[in-house]
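Written out below as structure tokens is the structure these notes cover.
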Amino acid sequence: MRICIDSNQFIFGIEGTDPASEELMLLLLRLEVVIPRLVMKEVTRNLGDAQTGALYNLLGKAPRVTIIDGPVPADLVTKYVGLGLPEKADAVIGAFAEWQGAEYLISDNRHFLRDLSTEAFEVLSPDEFLRRYYRGLFSIKNN
């Protein structure tokens with residue numbers, strides 16, 4: 001299973017302000033995760049130096065986490081703008097998740113959770129992802 005995680009989950013997880021996001025950070029050691037550079041830039045802009053260091057230390061121990069620097073295909077970004085996502089960031093993240101073949105986008109962003117309807121991937125809140133993960137509703141083919 002390949003997932004993409006939105007920026008707030010990294011911020012809340014590293015800051016320790018949301019238990020589900022904290023748990024998601026621990027699962028980085030086991031999951032296949034793709035992250036657009038755009039998300040990492042936003043995360044580091046919102047964390048202090050020590051927190052940023054802790055995040056990159058964690059990512060360095062997570063062998064199946066990949067930060068992608070390449071540009072997201074413009075036609076996919078246009079598709080997600082057409083689906084109602086704001087162009088500057090959310091449409092890029094939605095397009096990225098599809099481009100990278102993510103099965104799930106983990107986010108608590110209302111634009112993703114409430115407004116996005118796509119068959120390319122499923123949007124789950126951190127809480128819902130964890131409930132499904134621990135109930136074994138995802139295949140265990142990656143562990």
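Excluded from the calculations below are hydrogen atoms, water molecules and symmetry mates; all remaining heavy atoms, backbone and side chain alike, are included.
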* To do: Under the side-chain contact (heavy atoms from CB on, under 4.5 Å) rule, what do Gln9 and Asp108 come out as? Steps first, then yes or no, please.
  => CA-CA 8 Å; Gln9 279 45 75; Asp108 59 6; 3.2 Å; yes
* Intermediate values then yes/no, side-chain contact (heavy atoms from CB on, under 4.5 Å), Leu31 and Phe129 -> CA-CA 12 Å; Leu31 298 171; Phe129 178 81; 3.9 Å; yes
* To do: Any chance you could lay out the side-chain contact (heavy atoms from CB on, under 4.5 Å) test for Leu27 and Leu130, step after step, and finish with the verdict?
  => CA-CA 9 Å; Leu27 287 176; Leu130 292 173; 3.5 Å; yes
* To do: Report the C-alpha distance between Tyr80 and Val92 in whole Å, list the side-chain angles of each, state the deciding distance to 0.1 Å, and finish with yes or no for side-chain contact (heavy atoms from CB on, under 4.5 Å).
  => CA-CA 8 Å; Tyr80 282 87; Val92 174; over 6 Å; no
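The CD1 atom of Ile11 sits 9.5 Å away from the CD atom of Gln51 when rounded to the nearest 0.5 Å. Note that the NZ atom of Lys41 and the OG atom of Ser7 stand 13.5 Å from one another [nearest 0.5 Å]. Separating the CE atom in Met40 from the CD1 atom in Ile35 is a distance of 5.5 Å, to the nearest 0.5 Å. Here the CD1 atom belonging to Ile5 is positioned 4.0 Å from the CD1 atom belonging to Ile3, to the nearest 0.5 angstrom. For the atom pair OG1 (Thr66) and CG (Leu59), the distance works out to 10.5 Å, reported to the nearest 0.5 Å. Distance CG/Asn8 to CD1/Ile106: 13.5 Å, rounded to 0.5 Å.
Residues Leu55 and Leu26 do not share a hydrophobic cluster, defined by chaining ILVMFWY side chains whose heavy atoms lie under 4.5 Å apart.
With respect to Arg2 and Glu32, a salt bridge is recorded, a charged nitrogen being found less than 4.0 Å from a carboxylate O.
Leu47 places none of its side-chain heavy atoms less than 4.5 Å from the side chain of Phe10. Side-chain contact between Leu105 and Phe96 is absent, with no heavy-atom pair separated by less than 4.5 Å. Within the 4.5 Å cutoff, no side-chain heavy atoms of Val33 are placed close to those of Arg64. In this structure the side chain of Thr44 never reaches within 4.5 angstrom of the side chain of Asn46, judged on heavy atoms. Annotation: side chain of Cys4 is not in contact with side chain of Ser107 (no heavy-atom distance under 4.5 Å).
Heavy-atom minimum distance, Leu124 versus Glu122: CD2-OE2, 3.5 Å. The shortest heavy-atom contact between Pro126 and Ala20 is CB-CB, 3.8 Å. Considering every non-hydrogen atom in both Ala91 and Val77, the closest pair reads CB-O, 3.9 Å. For the residue pair Val39 and Ile93, the shortest heavy atom distance occurs at CG2-CD1, 3.8 Å. For Ile14 against Met25, the heavy-atom pair with the smallest separation is N-CG, 4.3 Å. The two residues Phe121 and Tyr104 make their nearest non-hydrogen contact at CB-N, 4.3 Å.
Side-chain N or O atoms of Glu15 include none that pairs as donor or acceptor with a backbone N or O of Phe12 at under 3.5 Å. In this structure, Asn57 contributes its side chain and Gly53 its backbone to no donor-acceptor pair below 3.5 Å.
In the displayed structure, Asp75 atom CG is contacted under 6.0 Å by more than 12 heavy atoms of other residues, nucleotides or ligands.
Residues Tyr133 and Glu23 have side chains that never bring a donor and an acceptor to within less than 3.5 angstrom of each other.
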